[in-house]
Amino acid sequence: MFSRPSSSLIRGTAQGRYVCQACLRDVRTRRQLVANAQSLRLQSRALQTTTATEEVTPYRKQLKDEAKRQKLEGGSKPAKKKSKAKDSRLEKWELTVGIEIHAELNTARKLFSSAATASSDAPNSHVALFDVAFPGSQPHFQRETLLPALRAAIALNCTVQPKSSFDRKHYFYQDQPNGYQITQYYEPFAKDGHITLFDHDGIAPEDGKSITIGIKQIQMEQDTAKTIQAPPSTHLLDFNRVSHPLIEIITLPHIHHPSTAAACVRKIQTILKTIDAVTAGMELGGLRADVNVSVRERHNTTGTGPENSYYGVTGLGQRTEIKNLSSFKAVEDAIVAERDRQIDVLEGGGIIEGETRGWTLGSKETRKLRGKEGEIDYRYMPDPDLGPVIIGEDLVQALRNTLPKLPDDIASKLVSSAEYGLTMKDAKTMVALDDGERLDYYLDVVQLLHKDLEDDKALQGSVGRVAGNWVLHDLGGLFTTSEEVWSDMKVTSQSLASIISQLLRRHITGRTAKLLLATIFHGDQRTVRQIIEEENMTLRPMSREDYLAAANTLLSDNPDVVQAIKEKGQHGKIMFLVGQMVRRSEEGTMEAKTAESILKELLDIPNGE
Amino acid sequence: MATGRSLICLRAVRPSILLLSNVGRSMPWNIKRHNSSEPLADWEQQLARPSWSVQSLLPSDTQTADAPTISVKQLHHLLRLSALPLPASAEEEAKMLDTLSSQLHFVREIQEVDTKGVEPLRAIRDETSAAEKEQEINLDTLKDALAKEDVIGKHHKRIRRRTDKIDAKDVEDWEVLGYAERKSGKYFVVDSGKS
């Protein structure tokens, strides 16, 4: 088979020259592969429901137009004034936030009965007698529920108490059959922990590179029933969720900025998921947060009373509690709204009432749920039906030794070690995706690549980074566009390692490599080497003259772009030209880097820009 | 036991010793315990009429006048906390306040006992160190639960609890909605009355 570019073959046929059937077939299949790859891109666009009459403007352009319009209308001065006013208020008032997180534990059975915890089954199908407070029923502490709870305590650096006990928290509500919730108020099982947040976790810039938030205690408690509203006034109750084990993590009021609070909740969720302590995150209702917000004057702490101190943090203002925040954004927005409301009240000469408030997504202010008059006296008392929880030291030690690596440690290893060399952002994404499966796949690919490229020391350095880009963006992108769930069998780590290895050795171009990936993703069973051979994808490097010829043709076809680059200095448009050049060229001939340097040479732009 | 009861009667005046006498199990049962020189034969006479009544812990008429008053607002707050109905009439309210007042007096009398260093009792339970050792939750106790977890991952090792179906028939197999006053399909129905 002649290894000639397909276009010249077709041209040849049109001109009456004989082209063998094998070559034509070869051309047809290659065109088909390209068409397949392109049709995928087109298919995803077809999902947009715009009619032919509407103009489809690129999103970036839309944002630019919007910004331009706002600038013309509003004028820049008012915007600056508003932010200046806000900053001066924050100069005067300091915010303090404490967070209480309730997380549903990943256990087989419930906390005080041996019923199963599957809460997505038919309603009221996993209910023991005690779960609906049947008269005469007794709680039986299920000791297996301690496993994820202890792991959470260890991961959050708490001291596990050898002896802890359960208390009753009395209040009446339809989702609480007993009339009290069994919790650990006086003697929680873990105390005095801490969690460290870094700048890459998304804390406020004012908090610097890192901030450590103290954790007062972690306690075990029961969950309540699920209520479904059936308007106007009835509620349907499903008791599957009653007595599902929860842990409540109470932080100390060490947080002073809303974004830090959201980052704290996010990080705690990530840690709990990594150690398999919880299965569902905030989005699925498996984790809920309540926040306590107060403000005080930065430079005048004499106004606040000594009664307003909390576990060693003194001089705090009166706090209000915002309950049932169900997303990270809600946490941040609710704190900002409540802080502003409290500052407004205090600056207007009023006082803050110790209330419970609620927040709905999209509102501008928190709303009052319960005032001080309606404050509930929980009348905590030790539960006489349950004995103390005595935890052996050997168990704690064993769990500490077998605790899975925490996301911080994994991410820092991925960033700092020369073997991987990822950016912190990529490292954290890698750790978080697909329950750790994506990371496992990536590590396998890197290991295979290092082995494959043993002979080439120069390439070894870039292996980790390149593989990271391919696993996260290229392969990840394919899964996203076809809306499939991640699987490491679609493109095996061996296949991806082969593709990258061929690319790094410059046997194929970047464009070819992407095509290869798409081909295998869509079910081609051949090995990478086979496809490259059969489809003739090996790089046939163009000569310098060919490059210059193609570049000159392109430049003469786009005089306005050339003008923009040369005269207005819009060097960004060079990449547009590179893309055009590569697209016009034959499959597997042009390399983007060389094309770029040729173009820059022709346009008299030094290579550094 | 008769001996026990007579001991309480004799020592009613000194409540601190009242506690001790109940705990004094170390004393053999047949030791004669009495603080007077009265002959033993008089025990019939002594037991003929009570020498102590719980009335001593309740307020006398003079004492009720001195007691701190409970406001109607406080009474209503307490009733609401316990989900009890508010009094229907003024007499019922007065009676409730009266009863509450004497109950509080009773508690104040009991609080006269010096309980320094005595941990409040939570339940009658074996609190010896041997029992604690038995109740301890250690590796051995949780070995079954640990066996139900897998370590997954080739390079990035992590723990996953196996989520096979659990057989909880022994506790779940009963007619949950059988006693429900109102139900709708498989749900319990509660009417909050607010629309």
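Remember, it's a predicted structure, so these values are computed and weren't measured experimentally. Numbered from 1 within each chain, the chains take letters A, B, ... in sequence-line order.
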Discussion item. For A:V389, is there any backbone N or O sitting under 3.5 Å from a side-chain donor or acceptor partner on A:R143?
Written reply: no

Worksheet item: Where on A:F134 is there a heavy atom nearer than 4.5 Å to chain B: the side chain, the backbone, both, or neither?
Response: side chain

Item to complete: Name the region of B:S82, side chain, backbone, both or neither, that has any atom closer than 4.5 Å to a heavy atom of chain A.
Response: both

Fill in: Heavy-atom proximity to chain B below 4.5 Å, by part of A:L146
side chain

Worksheet item: Where on A:T227 is there a heavy atom nearer than 4.5 Å to chain B: the side chain, the backbone, both, or neither?
Response: neither

Discussion item. Closer than 4.0 angstrom, basic N to acidic O: yes or no for B:K186 and A:D121?
Written reply: no

Fill in: Which atoms of A:E144 approach chain B - backbone, side chain, both or neither, heavy atom under 4.5 Å
both

Worksheet entry | A:N106 and A:T279: side chain donor to acceptor below 3.5 Å | no

Worksheet item: Can B:Q111 and B:R108 be counted as having a side-chain donor-acceptor contact under 3.5 angstrom?
Response: no

Worksheet item: What part of A:E437 gets closer than 4.5 Å to chain B, counting heavy atoms only: side chain, backbone, both or neither?
Response: both

Worksheet item: Are the side chain of A:K110 and the backbone N or O of A:V242 linked by a donor-acceptor pair below 3.5 Å?
Response: yes

Worksheet item: Of the backbone (N, CA, C, O) and the side chain (C-beta and beyond), which part of B:D167 lies under 4.5 Å from a heavy atom of chain A, both, or neither?
Response: backbone

Item to complete: Would you mind checking which part of A:D131 comes under 4.5 Å of any heavy atom in chain B, side chain (CB onward), backbone (N, CA, C, O), both or neither?
Response: neither

Discussion item. Sort by residue number and list every residue of residues 122-131 of chain B having at least one heavy atom under 4.5 Å from chain A.
Written reply: B:R122, B:A123, B:R125

Practice prompt. Taking atom CD of B:E119 as the centre, report whether more than 12 heavy atoms of other residues, nucleotides or ligands fall under 6.0 Å from it.
Written response: no

Worksheet item: Salt bridge or not for B:R160 and A:D276, using N-O below 4.0 Å?
Response: yes

Item to complete: Below 4.5 Å from any heavy atom of chain B, which atoms of A:L403 appear? Answer side chain, backbone, both or neither.
Response: neither

Discussion item. Please classify the contact of A:Y442 with chain B as side chain, backbone, both or neither, using a heavy-atom distance under 4.5 Å.
Written reply: neither

Fill in: Near-ring test A:Y185/A:Y378, centroid separation under 6.0 angstrom
no

Discussion item. Looking at A:T270, is its backbone amide N or carbonyl O close enough to the side chain of A:T274 to form a donor-acceptor pair, meaning the two atoms are under 3.5 Å apart?
Written reply: yes

Discussion item. Taking every non-hydrogen pair under 4.5 Å, which of A:Y441, A:F239, A:F130 racks up the most with chain B?
Written reply: A:F239

Discussion item. Check this for me: does any side-chain nitrogen of one of B:E92 and B:K95 sit under 4.0 Å from a carboxylate oxygen of the other?
Written reply: no

Worksheet item: Between B:E132 and A:K163, is there a salt bridge with N-O shorter than 4.0 Å?
Response: yes

Discussion item. Ignoring hydrogens, what is the shortest heavy-atom contact between A:T145 and A:T107? Give both atom names and the distance.
Written reply: CA-CG2, 3.8 Å

Worksheet item: In terms of heavy-atom pairs under 4.5 Å with chain B, which of A:H170, A:R109, A:M381, A:E393 leads?
Response: A:R109

Worksheet item: With a 4.0 Å cut-off, would you call A:K405 and A:D409 a salt bridge?
Response: no

Discussion item. The test is side chain to side chain contact (heavy atoms under 4.5 Å, CB included); show your working for A:V278 and A:E104 and say whether it passes.
Written reply: CA-CA 6 Å; A:V278 304; A:E104 280 186 16; 5.8 Å; no

Discussion item. Under 4.5 Å from any heavy atom of chain A, what part of B:V176 do you find: side chain, backbone, both or neither?
Written reply: side chain

Response to the item:
Highest number of heavy-atom pairs under 4.5 Å with chain B among A:D440, A:L395, A:L386, A:I410 belongs to A:D440

Practice prompt. Under 4.5 Å, counting heavy-atom pairs only, tell me which of A:I391, A:V431, A:L147 racks up the most with chain B.
Written response: A:L147

Worksheet entry | B:I152 versus chain A, the contacting section by heavy-atom distance below 4.5 Å | neither

Worksheet item: Checking heavy atoms, do the side chain of A:P231, its backbone, both or neither come under 4.5 Å from chain B?
Response: neither

Discussion item. At a 4.5 Å cut-off on heavy atoms, which part of A:V127 comes close to chain B: side chain, backbone, both, or neither?
Written reply: both

Practice prompt. Using non-hydrogen atoms and a 4.5 Å limit, figure out which bit of A:A122 sits close to chain B: side chain, backbone, both or neither.
Written response: side chain

Worksheet entry | A:N240 side chain vs A:H126 backbone, donor-acceptor pair below 3.5 Å | yes

Worksheet item: chain A heavy atoms under 4.5 Å from B:K165: which part of the residue, side chain, backbone, both or neither?
Response: side chain

Worksheet item: Does the side chain of B:N138 come under 3.5 Å of the side chain of B:T141 through a donor N or O and an acceptor N or O?
Response: yes

Worksheet item: What part of B:R182 gets closer than 4.5 Å to chain A, counting heavy atoms only: side chain, backbone, both or neither?
Response: side chain

Worksheet entry | Side-chain ion pair, A:R151 and B:E149, N-O less than 4.0 Å | yes

Worksheet, complete the sentence: Checked A:S113, A:A225, A:S114 vs chain B; the most non-hydrogen pairs under 4.5 Å come from A:S114

